[in-house]
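Before any comments, here is the structure.
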Amino acid sequence: MAAITWTETLALQQPRMDTTHREFVDLLNTVEQALDGPVDLLQAALDHFTQHTVEHFAQEDAWMAQLGFAAENCHGFQHQSVLQVVQEVQRRLHANPADDANRALVRDLVIGLAQWFPGHAQNMDAALALTMQEHGFDPETGHAARTVDPAAAPITGCGSSSCG
């Protein structure tokens, strides 16, 4: 059984973001499937997932920067925290692949991310998608039909004016 299943409740009607999120779900499930196989396949699956996550979060962070989010916003902080955990689990698995405790860490990571991701997508990413829509922002070109007012206060919340 998959750790997480893509459903339309995860779709944000932002095609580029939805494609990236579907890939995230698929790759997380690939890591879960690799847990029962040889460690080299688990490492490869986790490496691929980690690289995807680095690029996924960097893309969203770049969009936020273009749309007037403060460098210190809770959406970006959450990306940093999650990525730090993913990379630490990856480091430990590579440092000592024969240690069953490291395989257990990967299993815990998969479970934790499967629980975390729907809330993140439906709240923080949905707010980013809405901000993109409000600005007529094209993620393919980085062009916004309605530019961000440079005098406006930066967005410090999760996608709106605050985290609350």
Side-chain angles (χ1 to χ4, degrees), residues 1-34 44-90 106-164:
M1 186 169 164
I4 184 171
T5 302
W6 179 265
T7 65
E8 286 308 304
T9 61
L10 294 173
L12 302 175
Q13 310 316 311
Q14 200 311 309
R16 177 120 178 238
M17 194 180 289
D18 287 341
T19 297
T20 300
H21 286 174
R22 190 180 296 257
E23 291 168 352
F24 179 92
V25 166
D26 290 345
L27 291 170
L28 185 61
N29 286 328
T30 299
V31 173
E32 181 188 41
Q33 292 167 359
L46 184 58
D47 291 349
H48 191 190
F49 174 79
T50 302
Q51 184 58 40
H52 176 272
T53 303
V54 166
E55 293 168 6
H56 167 186
F57 290 176
Q59 183 63 80
E60 288 183 11
D61 291 345
W63 292 338
M64 287 188 281
Q66 288 177 272
L67 291 166
F69 285 68
E72 306 81 26
N73 71 77
C74 57
H75 188 165
F77 283 151
Q78 196 169 99
H79 285 168
Q80 291 170 17
S81 296
V82 168
L83 193 55
Q84 183 178 21
V85 171
V86 170
Q87 290 174 324
E88 179 60 17
V89 170
Q90 179 191 33
V106 176
R107 189 174 310 278
D108 290 345
L109 177 70
V110 167
I111 292 167
L113 289 175
Q115 293 171 348
W116 165 80
F117 183 70
H120 179 81
Q122 293 167 345
N123 293 296
M124 292 185 184
D125 288 336
L128 173 57
L130 180 61
T131 303
M132 292 166 77
Q133 182 182 13
E134 288 171 349
H135 286 277
F137 182 78
D138 180 355
E140 301 301 328
T141 65
H143 175 75
R146 288 169 293 291
T147 58
V148 176
D149 180 357
I155 300 169
T156 58
C158 300
S160 60
S161 60
S162 71
C163 288

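Each residue takes its place number in the sequence, starting with 1.
Considering only heavy atoms from C-beta on, F49 stays 4.5 Å or farther from T30 through its side chain. The side-chain heavy atoms of H135 and Q66, taken from C-beta on, include no pair separated by under 4.5 Å. A heavy-atom distance below 4.5 Å is not found between the side chains of V85 and V82. With a 4.5 Å cut-off on side-chain heavy atoms, V54 and V86 do not count as touching.
Here the NE2-CG distance, from H143 to D138, works out to 8.0 Å after rounding to the nearest 0.5 Å. Atoms CG and CD, from L28 and Q33 in turn, are 10.5 Å apart once rounded to the nearest 0.5 Å. Annotation: the span from D18 atom CG to R16 atom CZ amounts to 12.5 Å, rounded to 0.5 Å. Note that CD of Q59 and CE of M64 are 10.5 Å apart. Values are rounded to the nearest 0.5 Å. Atoms CG and CD, on D47 and Q90 in that order, are 4.5 Å from each other to the nearest 0.5 Å. Here CD of Q14 is found 9.5 Å from CD of Q133. Values are rounded to the nearest 0.5 Å.
Nearest heavy-atom pair, T5 versus A2, reported as atom, atom and distance to 0.1 Å: OG1-CB, 4.3 Å. The nearest pair of heavy atoms linking I4 to N29 is O-ND2, 2.7 Å. Considering every non-hydrogen atom in both A45 and V31, the closest pair reads O-CG2, 3.5 Å.
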Review item, side-chain donor-acceptor pairs of residues 106-116, under 3.5 Å, at least two apart:
residue: W116; atom: NE1; partner: Q78; partner atom: OE1; Å: 2.7

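Aromatic ring orientation, H120 versus F57: tilted (interplanar angle from 30° to 60°). Taking the six-membered ring for Trp and thresholds of 30 and 60 degrees, H52 and F24 have ring planes inclined between 30 and 60 degrees apart.
Judged purely by distance below 3.5 Å, without hydrogens or angles, the side chains of E55 and Q51 pair a donor atom with an acceptor atom. Donor-acceptor pairing under 3.5 Å is lacking for the side chains of H75 and D61.
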| task | Take L67 and L128, measure what side-chain contact (heavy atoms from CB on, under 4.5 Å) needs, and give me the verdict at the end. | result | CA-CA 9 Å; L67 291 166; L128 173 57; 4.1 Å; yes

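For the pair E32 (side chain) and A3 (backbone), a donor-acceptor distance under 3.5 Å is present. Looking at E60, its side chain never comes within 3.5 Å of a backbone N or O of D125 through a donor-acceptor pair.
Surrounding CD of Q84 are at most 12 heavy atoms belonging to other residues, nucleotides or ligands under 6.0 Å away.
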